[in-house]
Amino acid sequence: MIVRIMGEGQFEVDEEVAKGLNQLDEQSAQALEAGDRERLAELLERMAEAVRTNGARLPDEDLSPSEGIVPPPDLSLEEARELFEGEGLIPDLPSA
Amino acid sequence: MAGLMSRASLVVKAKFSKLLDRAEDPGETLDYSYEKQLELLQNVKRGIADVVTAKKRLELQETQLQQSVVKLDSQAREAVAAGREDLARQALERKSGLQQQLQTLDEQAKGLEQQQEKLVASEKALSAKVEAFRTQKETIKAQYSAAEAQVRIGEAATGIGEQMADTGLAIQRAKDKTEQMQARASAIDELTTSGALEDFTSDQTQLDRELGAIASKSQVDKELEQMKSELGSGEEKKEIGQ
């Protein structure tokens, strides 16, 4: 499946890697819920690293959508809240 | 509770579909999306230029602070030579404050450098995708019926939408960093002019401040002793000569 690391690009990863990612992903969600900034940062970095090391980078001109997006590993708790509430962190795209 | 990866995906898709909802027929959707991509490319280029400007300002300020450090150091020496330990201490205290600022500026410069790299990488990826999208949109317009086109547009638009959201975030983060840096740079300018260097530490905790003060004081004491001993031998000679 195709995974994007936000701020870095897209990678194709196999099922095994995807499985590992999903586990880390669940733990990340728990860390965010618990407001554990350090744990969240560590898990996001582990996810990004797993994708970087085991995935094949897609060329920049590829227009395939990703199945999952790994938030930027240096995401702060505040930014995470903004991101998942859908406001603030990702600015609205240029509007008419 | 859904994992963060799918939640982030949903947020990005929602941002982008909002943008596409504005256009009515497929051809229009493609052209409209392309227009927005070009706008975003302009924005990211401007973002890079802003970071470069901010970095230049930082560098200029670093040079000024370094000159002040040298000047304060020689003033302290003069003060010691003149037997004015109080003035020497003042100069060394200011010097120590400036050195702390220099360190912060250095960290900020590194932060800006990172933002710049991210922006440049993001611009490169977006450029490549925009070009691919441009080619694809003409193919889609020419070869597919409205129903088929809708599906293909959806795919291409989602793929590029993710990159647009990514680039948008990179621009936003760089902007925040640049603004923080500018606010601090203005504060330093102001404080350097008014000479109220103690206030530089106002964003630290009380403990940080006290620890900083202790470290700074012992550094000042050490330097003062060193200067006195260097010059002291001269004074002794003078006494012997009298």
Side-chain angles (χ1 to χ4, degrees), chain A residues 1-10 13 18 21-33 40 43-44 47-48 51 57-76 78-96, chain B residues 1-16 18-20 22 32-33 35-43 114 118 121-122 124-133 135-136 152 154-173 175-176:
Chain A
M1 76 174 197
I2 297 173
V3 175
R4 170 181 287 275
I5 305 174
M6 216 176 219
E8 286 182 42
Q10 288 173 296
V13 299
L21 273 181
N22 281 335
Q23 280 173 6
L24 290 171
D25 195 22
E26 268 171 43
Q27 295 171 32
S28 300
Q30 285 162 9
L32 176 63
E33 190 85 337
L40 178 66
L43 285 162
L44 289 179
M47 285 167 77
V51 175
R57 208 191 157 92
L58 292 187
D60 283 343
E61 58 273 18
D62 197 307
L63 291 176
S64 319
S66 313
E67 277 178 61
I69 298 181
V70 179
D74 60 347
L75 195 73
S76 69
E78 199 177 283
E79 283 180 321
R81 283 186 199 114
E82 284 177 25
L83 172 65
F84 297 118
E85 275 156 27
E87 284 166 27
L89 189 63
I90 297 176
D92 283 328
L93 299 161
S95 53
Chain B
M1 180 177 52
L4 302 188
M5 275 164 56
S6 54
R7 280 160 70 186
S9 249
L10 278 177
V11 169
V12 167
K13 283 202 180 88
K15 281 265 169 195
F16 198 70
K18 211 160 64 181
L19 185 75
L20 290 182
R22 291 161 188 242
Y32 182 71
S33 171
E35 238 172 72
K36 294 295 139 195
Q37 293 160 25
L38 293 181
E39 266 178 55
L40 191 60
L41 264 181
Q42 283 309 310
N43 286 356
Q114 278 176 358
K118 282 192 179 154
S122 207
K124 190 173 150 270
L126 183 62
S127 281
K129 276 194 165 59
V130 167
E131 184 49 32
F133 186 90
T135 317
Q136 242 187 58
R152 304 211 163 234
E155 282 169 9
T158 311
I160 202 158
E162 284 176 17
Q163 183 61 48
M164 289 173 82
D166 226 359
T167 304
L169 173 62
I171 297 172
Q172 188 59 47
R173 279 185 148 181
K175 207 174 138 205
D176 290 348

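Lettering follows sequence order; numbering is per chain, from 1. Below, each value reflects all heavy atoms present in this structure, side chains not excepted, and no hydrogens, waters or symmetry copies. Quick caveat, the model's predicted, so the values are computed rather than measured.
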Select one option (side chain, backbone, both, neither) describing which atoms of A:Gln10 are under 4.5 Å from chain B's heavy atoms. side chain

Please look at A:Glu67 and chain B and tell me whether the side chain, the backbone, both or neither of the residue comes under 4.5 angstrom of a heavy atom of that chain. backbone

Could you tell me which non-hydrogen atom of [X] sits nearest to which non-hydrogen atom of [Y], and how far apart they are?
X: B:Ser9; Y: A:Ser66; result: OG-O, 4.2 Å
X: B:Ser6; Y: A:Asp25; result: N-OD2, 4.4 Å
X: A:Pro65; Y: B:Thr158; result: CB-CG2, 3.7 Å
X: A:Asp60; Y: B:Ala128; result: CB-CB, 3.5 Å

Given that the side chain runs from C-beta out, which part of [X] has a heavy atom under 4.5 Å from chain A: side chain, backbone, both or neither?
X: B:Lys13; result: side chain
X: B:Ala156; result: both
X: B:Lys129; result: both
X: B:Ala125; result: both

Could you walk me through whether B:Val12 and A:Met6 pass side chain to side chain contact (heavy atoms under 4.5 Å, CB included), step by step? CA-CA 10 Å; B:Val12 167; A:Met6 216 176 219; 3.9 Å; yes

Around A:Glu79, counting heavy atoms of other residues, nucleotides and ligands shown, do more than 12 lie under 6.0 Å from its CD? yes

Of all residues at least two apart in sequence or in a different chain, which pass the side-chain contact (heavy atoms from CB on, under 4.5 Å) check with A:Ala80? A:Leu32, A:Leu40, A:Leu75, A:Phe84

Contact winner vs chain B - A:Pro72, A:Gly9, A:Ser64, heavy-atom pairs under 4.5 Å: A:Pro72

A:Leu63: which of B:Gln136, B:Glu162, B:Gln163 passes side-chain contact (heavy atoms from CB on, under 4.5 Å): B:Gln136

Non-neighbouring partners of B:Asp166 that pass side chain to side chain donor-acceptor pair (under 3.5 Å), sequence neighbours left out: A:Arg4

dist B:Leu4:CG -> A:Glu26:CD (nearest 0.5 Å) comes out at 10.5 Å

Side-chain touch A:Asp74/B:Arg173, heavy atoms, less than 4.5 angstrom: yes

